[in-house]
Amino acid sequence: MKIGYPCINLRIGCRSSSAFRLRSYSPSLLREKVAGNLGCLMKTLEFNVPHRIFFFRISSDLVPFASHPVCRVNWRREFEKEFEEIGAFIMKYRIRISMHPDQFTLINSVDPGVFQRSVAELLYHADVLDAMGLGASAKIQVHVGGVYGERAKSIARFIRRFHTLDERIRRRLAIENDDRNYPAADCLAISRETGLPVICDVFHHRLNNRGERIRDILFLIARTWRRSDGVMMVDYSSQKRGGRRGAHAYSIDLGDFRKFLALSRPLDFDLMLEIKDKERSALSAVAMARADVRFNLRS
DNA sequence: GGAAGTCAAGTCTCG
DNA sequence: CGAGACTTGACTTCC
């Protein structure tokens, strides 16, 4: 098991998701931001390795406005060397990588324009991972999308659209259960039609399920991951105390985390901690898992 | 330097 | 019908 956190490290003094307003766009500002973001990404990964954090989600803002028509800079070629260096570092230390396009990326939208923009956004994500030379186990995780009042039709539309996607997207795609629209059971059904691996979001499953126990659903989902997809990915977080239902906790609840690890044995997976305090919770999770011989944390 | 106003994109829920 | 939420406040301007 590898443990990771998403996008931002709060203690190293830089962010690899630094962006700007569309109004401020200029090729030189874009180049400046990409250079800074790539430098910070490297710094973040260099922080993670000695702290035994071997899973990381790369921010979608790494190249701001990359899929927007305003962006005419060939960033992939201009920063080829930097992308390759980061990729080499990732492969050297066998760091697991994921990306998670934001809520505007909707493969199953009823609006063809939304779908078209989503394809461009997915191609951008694939470009980033391709530029780093990473294999198909570096995943792009998306939700199934909207329901539009017709669940079955919207699922069918997802499947139909999936088959039209570029292979560079399809090989990296994974679908994640969400907390309102599509529970894990729907993702499993889509997986049967598409071969897509499913990412179990444990917190979402607790909020949105069809009565399955976490342990049972994890074992079903594990079978959707093929060798080329790499080890199963799982997202974990817990409810913010006193917060809105579905709000992510500020810091990891180690008691709950220990229980989750125990109930998921002996499955192996890479675990993304979607917790507000980022690397801080990842560090305490690593410490906890290392201290317990039952969990085969990579060290 | 700090506060206030605003920000590419979609969908759903709540008040 | 508008605001807020979503994996996440951060960029920009004004004072």
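For the numbers below, each heavy atom of this structure counts, side chains included, while hydrogens, waters and symmetry mates do not. Each chain gets a letter, A, B and so on, in the order the sequences are listed, and its residues count up from 1.
Nucleotides B:dT6 and C:dA3, compared at atom P, are 12 Å apart to the nearest Å. The same atom, P, is picked in C:dT12 and in C:dT8; the two are 22 Å apart, to the nearest Å. Across the P atoms, C:dG9 and B:dG10 are found 22 Å apart, a figure rounded to whole Å. Spacing between B:dC7 and C:dG4 at atom C1', rounded to whole Å, works out to 15 Å.
Nucleotide B:dA4 has C:dT12 as its partner under the Watson-Crick or G-U criteria, with both atom distances under 3.5 Å. Pair check for C:dT7 finds none; no Watson-Crick or G-U wobble contact set falls under 3.5 Å. If you check B:dC14 for Watson-Crick or wobble pairing at under 3.5 angstrom, you find it paired to C:dG2.
Figure legend: A:R151 and A:Y182 shown as a cation-pi pair, the cationic atom lying under 6.0 angstrom from the six-membered ring centre and within 45 degrees of its axis. A cation-pi arrangement is not found for A:R96 relative to A:F54, the charged atom failing to lie both closer than 6.0 Å to the ring centre and inside a 45° cone about the ring normal.
Between the P atom of B:dC12 and the CZ atom of A:R151 lies a distance of 10 Å, rounded to the nearest Å. The distance between atom OH of A:Y148 and atom C1' of B:dC12, rounded to the nearest whole Å, is 10 Å. Rounded to an integer number of Å, the gap from CZ of A:R21 to C1' of C:dT13 is 10 Å. Per the geometry, CG belonging to A:L273 stands 15 Å off P belonging to C:dT7, to the nearest Å. Taking atom CG of residue A:L22 and atom C1' of nucleotide C:dT13, one finds them 17 Å apart after rounding to whole Å. In this structure, A:F203 places its CZ atom 13 Å from C1' of C:dA5, rounding to the nearest Å. Taking atom CG on A:D178 and atom C1' on C:dT7, their separation rounds to 13 Å, with Å as the unit. Atoms CG (A:D277) and C1' (C:dG9) sit 16 Å apart, rounded to a whole Å.
Enclosure of atom CZ in A:R72 is not indicated, since only 12 or fewer non-hydrogen atoms of other residues, nucleotides or ligands lie within 6.0 angstrom. No more than 12 heavy atoms of other residues, nucleotides or ligands sit less than 6.0 Å from atom OH of A:Y250.
A donor and an acceptor atom, one from each side chain of A:E279 and A:H51, are nowhere located under 3.5 Å apart. Side-chain contact, A:E274 with A:S237: no donor N or O sits under 3.5 Å from an acceptor N or O. Between the side chains of A:H125 and A:S60, at least one donor N or O lies within less than 3.5 Å of an accepting N or O.
Within 4.0 Å of A:V147, counting heavy atoms only, lie sugar-phosphate atoms of the nucleic acid but no base atom. Using a 4.0 Å heavy-atom criterion, one finds that A:F65 contacts the bases of the nucleic acid, with or without backbone contacts as well. The residue A:H100 sits apart from the nucleic acid: no heavy atom pair falls under 4.0 Å.
One finds no salt bridge joining A:R171 and A:D229 here, because no Lys/Arg side-chain nitrogen approaches an Asp/Glu carboxylate oxygen to under 4.0 Å.
For C:dT7, neither phosphate oxygen OP1 nor OP2 lies less than 4.0 angstrom from any side-chain nitrogen or oxygen of A:S59. Contact annotation: A:K278 does not reach the phosphate of C:dT8 (side-chain N/O to OP1 or OP2, under 4.0 Å). Remark: A:S24 is in phosphate contact with C:dT12, judged by side-chain N or O atoms under 4.0 Å from OP1 or OP2.
Looking at residues 101-129 of chain A, you'll see A:D102, A:Q103 sit with a heavy atom under 4.0 Å from some atom of DNA chain C.
Judged by closest nucleotide on DNA chain C, A:P6 is the one of A:R23 and A:P6 placed further toward the 5' end.
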